[in-house]
There are 2 protein chains.
Amino acid sequence: MNTDADNFAQLLKNNGVSVTTARRAIFHTLRDADEPLKNGEIARRTPTVDRASVYRTLELFARLGITETVMRGWTPYTELAEPFTPHHHHIICENCGKVVEIENDTLEDVLNLVASRYDFALQKHVVELSGLCADCRAKTTRQAA
Amino acid sequence: MNTDADNFAQLLKNNGVSVTTARRAIFHTLRDADEPLKNGEIARRTPTVDRASVYRTLELFARLGITETVMRGWTPYTELAEPFTPHHHHIICENCGKVVEIENDTLEDVLNLVASRYDFALQKHVVELSGLCADCRAKTTRQAA
DNA sequence: AATAAAATTGCGACAACATTGCAATTATTA
DNA sequence: TAATAATTGCAATGTTGTCGCAATTTTATT
Ligand SMILES: [Mn+2]
Ligand SMILES: [Mn+2]
Ligand SMILES: [Zn+2]
Ligand SMILES: [Zn+2]
């Protein structure tokens, strides 16, 4: 049986880069978070690693596909990707900030279809939805009355 | 007949904010661009307006739905939205950087469906695809041979 | 286990990006 | 056109991301 940490180390080796304590530390920060984090927040939660190294590492992780980065408002958020988290997207409540993970095969299929219609071989995609959750809708409706 | 500039002024009035030269200038910069721009680039292309005001204005525009902001790499890009541009998304070639605009109703439908499945009333969505365009695929294949 | 070579890190300085309070200016309303 | 309210520029400051280089850590080799 393989732990995530083992797979992570293996992945680094396969790509010919060193397995270091800094990289492990940042990986753990990401592992512990249950939501995408701002890059600065990753640095803050990994005080043993210098900020410059955090950025270099996040760039490496992104290049190796260990992480994905999405935009919210004007801020990039990073979280673990495919090998360490099932592929998913997010829908965020504009009112209360609640974040729900989305998994939907039809959506994935349509994205591939669209790409091929424009003669592209799809490699990556970003999908971020936002709106009002059921709770907030209920509250808002009540207020309006 | 209504020009975009008229509609823009009207939209501001409807929302109870002033129609100013600074706002018009930034709107024109966006109007003239044929691609999403980095926020700093918007400031550079609108030298008559102070950078601080540019940011305040972009925030206002985003709030009123005049613009949309999408993330590329770790950088936010802004462009005009719905009332001033037909709703669309982008697919970008990872190799040559070519940007193609996407319009696809099925995609829009699926997004709404997915949102409602998670009990959200969809208000906004970000979709950005990337991969290899036909040209770059052809070149790459040839090289591999 | 010890060593040499290579890769990564931290440091410190810096540049770019973004935000803020407030006085001066401009837009709106009457 | 005068009074009021909203917006702007300015200038200072915070935040985020980048870079070169010497010190440290990792890896490969013995
Ligand atoms: Mn997907
Ligand atoms: Mn859409
Ligand atoms: Zn909510
Ligand atoms: Zn291409």
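Keep in mind that what you see is a predicted model, and the values were worked out from it rather than measured. Just so it is clear: chains get the letters A, B, ... in the order the sequence lines come, proteins before strands, and each one is counted from 1.
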Value in whole Å for how far the [atom2] atom of [N] lies from [atom1] of [X]:
X: Asn15(B); N: dA27(C); atom1: CG; atom2: C1'; result: 17 Å
X: Glu41(B); N: dA16(C); atom1: CD; atom2: P; result: 14 Å
X: Tyr77(A); N: dT16(D); atom1: OH; atom2: C1'; result: 14 Å
X: Glu59(B); N: dT8(D); atom1: CD; atom2: C1'; result: 15 Å

Please report the interatomic distance CZ(Phe61(B)) to CG(Leu30(B)), rounded to the nearest 0.5 Å.
7.0 Å
Please check if any side-chain donor atom of Asp109(B) sits under 3.5 Å from a side-chain acceptor atom of Thr106(B), or the reverse.
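Distance-only check fails for Asp109(B) and Thr106(B).
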Do Glu128(B) and His90(B) meet the criterion of a side-chain donor-acceptor pair at a distance under 3.5 Å?
yes
Please tell me whether His125(B) and His87(B) form a close aromatic pair, meaning their ring centres lie under 6.0 Å apart.
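That pair passes the under 6.0 Å test.
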Sugar-phosphate atoms are those with a prime plus P, OP1 and OP2; base atoms are the rest. Using that split, label each nucleotide of nucleotides 7-15 of chain C B, S or - for protein heavy atoms under 4.0 Å, 5' to 3'.
SSSBB----
So which nucleotide from dT16(D), dA18(C), dG17(D) ends up closest to the side chain of Tyr55(B)?
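Nearest to the side-chain atoms of Tyr55(B), counting from C-beta on, is dA18(C).
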Using modelled atom types only, decide if a donor and an acceptor are shared between the side chain of Arg137(A) and the backbone of Asp119(B) within a distance under 3.5 Å.
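Yes, the answer is positive, given that a donor and an acceptor are paired below the 3.5 Å cut-off.
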Glu82(A) and His88(A), any side-chain heavy atoms less than 4.5 Å apart
no
Taking the nucleotide of DNA chain C with the closest heavy atom to each, which residue, Asn39(B) or Arg24(B), is nearer the 5' end?
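First, find each residue's nearest nucleotide; the 5'-ward one identifies Asn39(B).
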